Amino acid sequence: MFWDLVIQKQNWVTWFQGKNQDASDLSPRKEVQVVPTLVILSLVVGTFFLYKPVLGYGFINFDDPLYVTDNENVLEGLRWANIKWAFSTSYGFYHPITWLSLMADATFKPQGAPVFHLTNIWIHIMNAVSVFFITSKLLENPWAAAVTSFLFAWHPINVETVVWIAERKGLLGAFFALLAVDRFLTFQLKASWFSYFCSLLAFAASLLCKPVALALPVVFLALQLVRKSNIRTKLSYILTPFFVCSIAGTVVAYNAQLTANAISTDLSTQAVFSIVFNYFWYLGKLFLLGPYCLFYPRKEIEFLPFVFSSIGLLLVLLYVKKRPYMWLGLLCFMILLLPVVGFCQIGEHRAADRYTYLPGIALFIGITSSMKTVVQSLQSQKFQEITVLGTIGLVTLLAVLTKHQITIWSDQRSLYTHALRHDNENSVMYCNLGAFLQTEGDIGEAAKCYKNALFIDPSNPHALNNLGILHARKQNAGMAKKYLQKAVLLHYDYAPAFHNLAAVMFKLTDNTSDDLHEARAYARKACLISDFQNIEYLDNYLQILLRMNAVNEAKSLAESCFRISLQKQDWQEATRYDLLLHALKNNSLSDVNSGYLIPTLK
């Protein structure tokens, strides 16, 4: 029955217009039941097979180690101690639900990237289905909702959010934010207070994944003002709890970023230039369909680009002025982007494709609404058919571009060289490419990448640290010290450089009294920065103390190592530290093989 209807071109247009078929072909009731089911089925199956190649991809060395591969709390899975850790720690963001999600994946297969990728794909699919239901409620047209959901699910700008395991936080944040929007729309239509409280809880959960929807209460305010509502309660009573959650989420997110030294506030003229430029830049990325890169380094916006961006943004605003849903979509897009568009600089990047994952939906809804109006207003059946077929062609083009963008993520070399191809003044990408080449054993090319990174940014701590490691492994203590000392001088809170400098001073020098005291100071600093929780840093510090016969301090440190090993259920390490403690308490260091603790370079 369905395929008989599909091959009748007139039905495509009628469905897109939202008109019911003749009762002999397809009753309104049957259309209501059949259309969403078929759209959702196509959306789920199509999106899954589009992203299926990702299941063969691995982790990358950009943030994935922080979130998964080097994070022992995550790799140990859902244990009570790790759950408590999830709610008590912040890595730039306070996102306990994200940690729990990653731990759940690790419980099934701790070292397997496919499990993490599969979860990301399914969350994206659920988000696309949510977009379908939300758009259906807003536009009251299942086919316009279908176009919107496919635009979202298959747009290449969203590849980064789906394929990058470390961006699980953004996917989950969007999932709960979309759930909040869906329940709020139901609350508007039916005045259901149960839906209202579900919306409020979903919004709070979104903020505990990643604060991607901090401005969502403003969107709710806009929806209340422009849409018919059956709610009789005062608007202030309805929205106050949402704004309270948003303010609390803003404070928590800001403090977490401040603790990680990852945020800076800028209210200068340059900030105004950046805001206007970034808004126009994001619109360009969505409509021009690329190029998309993992990292866009922060750069000053000159006056001329600011002027062109201002004119472009003004023309866009004038264009959508008489198109209510497009105007509302653009307004919501700009509101949702506001926290990351330029007032507060987060990290070392100027902008990121992933930031449009949630805001872009509002724009897609506005565009689809305008397309629906165009189809309904066209008098010529031929033009109507061309418009609908053009929409199908656009969605197909997006799928092809997304497929290509996914292949760029197939390995780290491809990912980083792609970013450098579009901007060769990218210190971060040179450094990450160097780290990848180093793990592949291509030391010469890795060193070149690090030097390129330092040529662009002489203060890059990761490049300085990694070059120091390369020279240390060549037994070149002088050059290793040079790079590592520069790293600790420029970045006094960068623990890896202090740790590695201590190891170099201890392992590659004559171990004079001055060398040992210097190594001890660097090792202690690394442990202090990491709150004495990093077992590798503690190992190096303990080894130095043993060489200096600092028995009392060594006892205290060995006890910390023993306790951490027990917490991690690493029984072999716990036994070794227990033996060491026994030897220290009995003053029988000669019985201990001091070589079992070997300084490591990290």
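None of these values were measured; they are calculated from a predicted model. Position 1 is the first residue of the sequence, and the numbers go up from there. The figures that follow rest on heavy atoms only: side chains count, while hydrogens, waters and symmetry mates do not.
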Exercise. Evaluate the criterion side chain to side chain contact (heavy atoms under 4.5 Å, CB included) for residue pair L207 and F203; output intermediate values, then yes/no.
Key: CA-CA 7 Å; L207 298 179; F203 177 57; 4.0 Å; yes
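- With no hydrogens or angles considered, a side-chain donor-acceptor pair links T119 and D105 at under 3.5 Å.
- Rounding to the nearest 0.5 Å places NZ of K482 at 9.5 Å from CG of L467.
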Quiz prompt | Test side chain to side chain donor-acceptor pair (under 3.5 Å) applied to H418 and Y292, step by step | solution = CA-CA 9 Å; H418 173 76; Y292 303 115; over 6 Å; no
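- To the nearest 0.5 Å, atom CD1 of residue I275 and atom CG of residue L338 are 7.5 Å apart.
- Scanning all heavy atoms of the two residues, the minimum distance from L484 to N465 falls at CD2-OD1, 3.5 Å.
- Between the side chains of N120 and Y51, not a single donor N or O lies within less than 3.5 Å of an accepting N or O.
- Taking CD1 of I97 as the reference point, atom NZ of K169 lies at 14.5 Å (rounded to 0.5 Å).
- Residue I60 forms a side chain to side chain contact (heavy atoms under 4.5 Å, CB included) with just one option from L294, N432, T69, V163, and that option is L294.
- D570 and S565 share no donor-acceptor pair across their side chains, judged by distance under 3.5 Å alone.
- Annotation: the span from L501 atom CG to K481 atom NZ amounts to 8.0 Å, rounded to 0.5 Å.
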Exercise. Walk me through it: do R168 and T98 pass the test side chain to side chain donor-acceptor pair (under 3.5 Å)?
Key: CA-CA 7 Å; R168 172 72 59 83; T98 299; over 6 Å; no
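- Exactly one of Y67, F87, Y94, F93 qualifies for a ring pair (Phe, Tyr, Trp, His ring centres under 6.0 Å) with W99. That residue is Y67.
- Qualifying side-chain hydrogen bond (donor to acceptor under 3.5 Å, both in side chains) partners for N278, counting only residues two or more places apart in sequence or in other chains: R350.
- Between the side chain of N460 and the backbone N or O of H462 there is at least one donor-acceptor pair closer than 3.5 Å.
- Taking 4.5 Å as the limit, every side-chain heavy atom of L490 sits out of range of all side-chain heavy atoms of P461.
- The nearest pair of heavy atoms linking V68 to F116 is CG1-CZ, 3.7 Å.
- Tested against Y416, the residues D411, N61, N426 include a single side chain to side chain donor-acceptor pair (under 3.5 Å) partner, N61.
- By the neighbour-count criterion of 12 heavy atoms within 6.0 Å, atom NE2 of H422 is densely surrounded, having more than that number from other residues, nucleotides or ligands.
- Minimum heavy-atom separation, C293 to A419: SG-CA, 3.9 Å.
- With hydrogens and angles disregarded, a donor-acceptor distance shorter than 3.5 Å links the side chain of S206 to the backbone of G173.
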Quiz item: Run the side chain to side chain contact (heavy atoms under 4.5 Å, CB included) check on Y430 and N424 step by step: do they pass?
Solution: CA-CA 9 Å; Y430 268 121; N424 62 1; 4.3 Å; yes
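- Aromatic ring pairs are classed by plane angle as parallel below 30°, tilted from 30° to 60° and perpendicular above 60°; the pair F295 and F62 is perpendicular.
- Under the 4.5 Å side-chain criterion, counting only non-hydrogen atoms from C-beta, R524 is in contact with F532.
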Self-check item: Stepwise side chain to side chain donor-acceptor pair (under 3.5 Å) check, N158 with T161
Solution: CA-CA 5 Å; N158 292 331; T161 306; 5.0 Å; no
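- Of all heavy-atom pairs spanning M103 and N82, the tightest one is CE-O, 3.2 Å.
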Practice problem: Determine, step by step, whether L214 and I247 satisfy the side chain to side chain contact (heavy atoms under 4.5 Å, CB included) criterion, reporting the C-alpha distance in whole Å, the side-chain angles of both residues, the deciding distance to 0.1 Å, and the verdict. | Solution: CA-CA 8 Å; L214 282 172; I247 293 168; over 6 Å; no
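- Of all non-hydrogen atoms in L100 and A86, the two that sit nearest each other are CD2-CB, 4.2 Å.
- With D64 contributing its side chain and A166 its backbone, the two residues share a donor-acceptor pair below 3.5 Å.
- Separating the CG atom in D514 from the NE2 atom in H517 is a distance of 8.0 Å, to the nearest 0.5 Å.
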For residues 449-457, please give each side-chain donor-acceptor pair under 3.5 Å, one per line with the distance, not counting sequence neighbours.
| from | atom 1 | to | atom 2 | distance (Å) |
| --- | --- | --- | --- | --- |
| Y450 | OH | G434 | O | 3.3 |
| Y450 | OH | A435 | N | 3.2 |
| Y450 | OH | Q438 | OE1 | 2.6 |
| Y450 | OH | N466 | ND2 | 3.2 |
| N452 | ND2 | K448 | O | 3.3 |
| D457 | OD1 | S459 | N | 3.2 |
| D457 | OD1 | S459 | OG | 2.8 |

Quiz item: Given R547 and L516, is the side chain to side chain contact (heavy atoms under 4.5 Å, CB included) satisfied, shown in steps?
Solution: CA-CA 8 Å; R547 180 66 61 87; L516 289 175; 4.0 Å; yes
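- Two residues are said to be in side-chain contact when any heavy atoms from C-beta on lie closer than 4.5 Å; L557 and Y541 meet this criterion.
- Using a 3.5 Å distance cut-off with no hydrogens or angles, the side chains of H499 and Y522 do not pair a donor with an acceptor.
- Counting heavy atoms of neighbouring residues, nucleotides and ligands inside a 6.0 Å radius, atom CZ of R563 exceeds 12 of them.
- Across every non-hydrogen atom of C431 and A463, the tightest pair is SG-N, 3.4 Å.
- Judged purely by atom type and a 3.5 angstrom limit, T575 uses its side chain to pair as donor or acceptor with the backbone of W571.
- You'll find the side chain of N71 stays beyond 4.5 Å of the side chain of P65, heavy atoms only.
- Using a 4.5 Å cut-off on side-chain heavy atoms (C-beta onward), E348 and Y296 make no contact.
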Quiz prompt | side chain to side chain donor-acceptor pair (under 3.5 Å) between H582 and Y577, intermediate numbers included | solution = CA-CA 9 Å; H582 182 76; Y577 287 120; over 6 Å; no
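- Looking only at atom types and distance, the side chain of H124 has a donor-acceptor partner in the side chain of Y357 under 3.5 Å away.
- Between F243 and V218, some side-chain heavy-atom pair lies under the 4.5 Å cut-off.
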Self-check item: Chi angles and distances behind the salt bridge (charged side-chain N to carboxylate O under 4.0 Å, His left out) call for E553, R520
Solution: CA-CA 11 Å; E553 194 173 352; R520 179 179 182 174; 2.3 Å; yes
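- Counting heavy atoms of neighbouring residues, nucleotides and ligands inside a 6.0 Å radius, atom CD of E425 does not exceed 12 of them.
- A distance of 5.0 Å separates CG in L200 from SG in C245, rounded to the nearest 0.5 Å.
- Counting heavy atoms from C-beta outward, W164 and R354 have side chains that approach closer than 4.5 Å.
- Side chains of V159 and V54 form no contact here, defined as non-hydrogen atoms less than 4.5 Å apart.
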Exercise. Determine, stepwise, if the pair E440 / R413 fulfils salt bridge (charged side-chain N to carboxylate O under 4.0 Å, His left out).
Key: CA-CA 10 Å; E440 294 291 298; R413 187 192 298 268; 5.5 Å; no
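- A centroid separation of 6.0 Å or more is found between the aromatic rings of Y537 and F498.
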